[in-house]
Amino acid sequence: MQHYINTTDWSQAELQSMLDLANQFKQGETSQSLNGKSVALLFFNPSMRTRASFELGVAQMGGTAIVLEPGKNAWPIEFDLGTTMDGDTEEHIIEVAQVLSRYCDMIAVRAFPKFENWRDDRQDKVIKAFKKYATVPIINMETITHPCQELAHMMTIQKRIGRPQKKKYLLTWTYHPKPLNTAVANSSLLISTKFGMDVTLLCPNENYLLDKRYMDLAQHQAEESGGSFKVTHDINEGYDGAEIVYAKSWGAIPFFGNWEKEKPMRDQYKHFIVDQEKMNLTNNGLFSHCLPLRRNVKATDEVMDSDYCFAIDEAENRLHVQKAMMQTLVQKT
Ligand code: CP
């Protein structure tokens, strides 16, 4: 059974087929491929775009979406095996995944890291447990990667610049007052290198490098796809000649669970904000962000309101790519 947990499980050609289908949906083609089917959407964390676009997408294809928020409107779930459940959790993933599989044709999960211990978080235990105990396809709505955002990002890039191969792509860290998930940053590297772009990761210092797993995957995929991958801590070098600038803030992995120590370091890097001065260094570069975005913290009003910002198009495309991905999964099952 095929799941949509990471784009690394899918070839570039398979992902391109989903992007082509998403473009057909965007142009008005309709599909009832989820007629009579249901999709469970489990949110362990807040969402606006993901929830709205999944619920709407399922309905547009004739299906039923069931939104569950474990610990809020659904029982809190236990994930540890062999534990005596005398704490706050009310039922075990073993039962949850099996029961939902009896009701639903797909299960989609949003489960961010706990931000306490990266060694634990990087195991992505929640979605892996759903994959293990469910008997239907599992969809990643953001854990330590965000593969739905990846598809929407690439769909929008292709619409704006055509073939992405060998185009200069910059992923830049930006400031945020809180340490945020690395998922979109990991995913940015995964999708840009998968499609053969010349990718630069710009971050303040080596503490902000992403997990070795994703750095290595980016390098490996770049070699496979004919693109390239490099790191810089120099803002001018990062922006120089870039054709796509993608911004994201994330917490420094060595400081996971020790955020008081990271904050004074992070606070020195407020100047990583995306502004017009930096965009002037690019090659008529386009800008995007996955949203939500704190204006004048991560990027200025001028950048967000510019013609070269495609964040809203990217957010719209979440709807189209997720419909294409769900239809693909249903047809494979
Ligand atoms: N980009 C994104 O996933 O948005 P939400 O967190 O609002 O779902």
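Whatever order the structure lists them in is the order used to number ligands and atoms, beginning at 1. Along the sequence shown, residues are numbered consecutively beginning with 1. Bear in mind that the values here come from a model prediction, so they are computed numbers and not experimental data.
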- Message: Any salt bridge linking R49 with E142? Criterion: basic side-chain nitrogen under 4.0 Å from a carboxylate oxygen.
- Response: no
- Query: Who else is in W75's hydrophobic cluster (ILVMFWY, side-chain heavy atoms under 4.5 Å, direct or via others)?
  - Reply: none
- Note on the structure: Heavy-atom contacts under 4.0 Å to ligand 1, chain-then-number order, include exactly S47, M48, R49, T50, R110, H146, Q149, C290, L291, R318
- Item | With T282 via side-chain contact (heavy atoms from CB on, under 4.5 Å) - residues at least two apart | Y239, A242, V245, M279
- Hydrophobic cluster of L180, others only, ordered by chain and residue number, side-chain cut-off 4.5 Å: none
- Message: Please verify the inter-ring angle class for Y269 with H271; under 30° counts as parallel, over 60° as perpendicular, anything in between as tilted.
- Response: tilted
- Query: Will you find, in the side chains of Q276 and N280, an N or O donor that is under 3.5 Å from an N or O acceptor?
  - Reply: yes
